[in-house]
Amino acid sequence: MAGQHDHDVDVEVLVIGAGVVGIYALYRALDAGFSAQTLEAGDGVGGVWYWNRYPSARFDSESYTYAYIFSKELFDEWRWKEEFATQPEIESYLNHVVDRFDLRQHIRTGEKVVSADFDETAHVWTVRTAKGSVVRARWIISATGGLSVPNYPDIDGLADFQGQAHHTGAWPHTPVDFAGKRVAIIGNGPSGAQLLPAIVDTVAQVDLYQRTPTWTTPLNNKPLTDERQAWLSDNWDDVVKILTTSPTGFMHEPAGKFSTADSPEERQAFYEKIWKSPGFAKLTSNYYDMTTNREVNLEFCDFLAGKIRAIVKDPVTAERLIPKDHLFGAKRPPFVTDYFESFNKPNASLISLKETPFVRVDATGIETTEKHREYDIIVFATGFDFGTGALTRMGVKGREGLDLSTDWEDGPSDFAGFSAHRLPNFFFPGGPHGAGGGNYPRYSQDQVDWITGTLVHAREHGFDLFEPTAAQEDQWMTMVETLAPQSIFSAEHSHYYGANVEGKVRKFLLNPGGRGKLHEILGEMTSTEDYNGAFAPATEPVSAS
Ligand SMILES: Cc1cc2nc3c(=O)[nH]c(=O)nc-3n(C[C@H](O)[C@H](O)[C@H](O)COP(=O)(O)OP(=O)(O)OC[C@H]3O[C@@H](n4cnc5c(N)ncnc54)[C@H](O)[C@@H]3O)c2cc1C
């Protein structure tokens, strides 16, 4: 039922997307007493963990740091099997949360939003789906995902292939039978690097097509022990505090030192320790100056190159696997078990597209400048249209003719990574400039909590229009543009700059100021009752529904 001032809407809060962020946004909206509903394009909930069901898809954030932390009861009743859980377990968890908090009745799956139009008089959004459903809502929370629109390579003849072709991010629900098949994996990012070891012992032949080598390091996964689970439960308040305040949203211990504190021998010993550390700790527990001092980073790259040469038996393949053109961390590094080891199997090979580019795909396989190879299955592990992909494909039209599909062609302009001037009452947690490059749900939890608090504030003060002012957006975007060049990410190589998508403008798509800047700028906005001009008083209801 709509709220007191919302007789002209179907729901007060419409959430779009039922991934980890949308599920939380729905929970918080209902918990705060709003009428709320979710529209989700997929036929099930889970977002990334619904779509990416390729073999061995798994977290590289520790399971319990990625999972929700709003309920200790939820934590205590769910037992992750491994430090880094696999997709089926994560999908089950998200379904469990939906049922545990009675959210399913509010979620409509199979409903892809194709347009969203803002009525400037009534201050109401009208949303339409591909199936023809129409929902009128006061507030939209578009949790449509940063990595939810698969990106395909631009190769002649892709449609001609007569075998099976699958993108890792749109994987079929019926398991793909790899036994005895000839397989091409295109892409060596996190998904391609996870898939290769998972199938290499099953297939007849697998060729991994690599555009640019990446600094892949071991995930160092292990079972989640009873002791660890008990420790987390006993120290829950501290765990929550670290996850909600640490710059990256992880629990890894910082190195506590700069590289200059150690001798060359001590540094090598330290790098050994880092090599054996779990997941993202290779970045978050590394020397403080690893991402700011080129010389230190190059020394670590040398160490990693030595590891690759020691693991991969064929020296030519080893050299091809060693990045020569970017520093560690300049691209989001994959953390994977047995990736390099896979190339020692007689049925696995690496094809360097730098040396032998694609010519075309045809009915039976792939032709490069070297030769034609036949395949039964081609896997596109070619990533996503990061940050803006889903938002610009949803037919969003704001105030004064703002049309996201064209207005963001030169890069997104927003406030706080989840709202924008001329886009009233529309929030997009997890969108561009939202995440800081760390543990994703921890950033988006900050955002969703702030958004929910803002909706409660609006209700309490009789506001029905929230729109960051042009000045507020400028302040945020100036912060983004000023700090972006200081980030380690490479405009030439990183999908955080859109570099993986053909023709996409290269603009930095993360929040380079991290949690610190986010809270500082939000704090400034909320220092007055009307959020320094972002709120307007409520209009009279236009019509009764
Ligand atoms: C394979 C993989 C592994 C990852 N592992 C990690 C990890 O370990 N740690 C980490 O921090 N991050 C990881 N990520 C990043 C990941 O994007 C986030 O962790 C998180 O899943 C994002 O959640 P979300 O709810 O914002 O978006 P999503 O999970 O992408 O959900 C968005 C949902 O919106 C729906 N949607 C989109 N457009 C529309 C529309 N027009 N109408 C209706 N519905 C729509 C989509 O169908 C989707 O279900 C991973 C990403 C991938 C692809």
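Every number for a ligand or one of its atoms is a count from 1 in the order of the listing. For this chain, numbers begin at 1 and follow the sequence in order. These numbers come from a predicted model, not from an experiment.
In this structure, Trp450 and Phe418 have side chains that are in contact, with non-hydrogen atoms separated by less than 4.5 Å.
Between Asp119 and Arg136 no salt bridge is recorded (no basic side-chain N to carboxylate O distance below 4.0 Å). A salt bridge links Arg58 with Glu82: the distance from a Lys NZ or Arg NE/NH1/NH2 to an Asp or Glu carboxylate oxygen falls below 4.0 Å. The pair Lys241-Asp237 does not count as a salt bridge, with every side-chain nitrogen at least 4.0 angstrom from each carboxylate oxygen. Ion pairing between a basic and an acidic side chain is recognised when a charged N comes within 4.0 Å of a carboxylate O; Arg53 and Glu91 show such pairing. A salt bridge does not link Glu467 to Arg422: none of the charged side-chain nitrogens sits closer than 4.0 Å to a carboxylate oxygen.
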Name each N or O atom in ligand 1 that is under 3.5 Å from a protein N or O, and give the partner atom and the distance.
residue: ligand 1; atom: 8 (O); partner: Asp60; partner atom: N; Å: 2.7
residue: ligand 1; atom: 8 (O); partner: Asp60; partner atom: OD1; Å: 3.0
residue: ligand 1; atom: 8 (O); partner: Ser61; partner atom: N; Å: 3.1
residue: ligand 1; atom: 9 (N); partner: Ser61; partner atom: OG; Å: 2.7
residue: ligand 1; atom: 11 (O); partner: Ser61; partner atom: OG; Å: 3.4
residue: ligand 1; atom: 11 (O); partner: Tyr440; partner atom: N; Å: 2.8
residue: ligand 1; atom: 19 (O); partner: Tyr66; partner atom: OH; Å: 2.7
residue: ligand 1; atom: 21 (O); partner: Tyr66; partner atom: OH; Å: 3.0
residue: ligand 1; atom: 25 (O); partner: Val20; partner atom: N; Å: 3.3
residue: ligand 1; atom: 25 (O); partner: Val21; partner atom: N; Å: 3.0
residue: ligand 1; atom: 29 (O); partner: Val48; partner atom: N; Å: 2.8
residue: ligand 1; atom: 41 (N); partner: Val113; partner atom: O; Å: 3.0
residue: ligand 1; atom: 42 (N); partner: Val113; partner atom: N; Å: 2.8
residue: ligand 1; atom: 44 (N); partner: Ala41; partner atom: N; Å: 3.0
residue: ligand 1; atom: 47 (O); partner: Glu40; partner atom: OE2; Å: 2.7
residue: ligand 1; atom: 47 (O); partner: Trp51; partner atom: NE1; Å: 3.0
residue: ligand 1; atom: 49 (O); partner: Glu40; partner atom: OE1; Å: 2.8
residue: ligand 1; atom: 49 (O); partner: Glu40; partner atom: OE2; Å: 2.9
residue: ligand 1; atom: 49 (O); partner: Trp51; partner atom: NE1; Å: 3.4

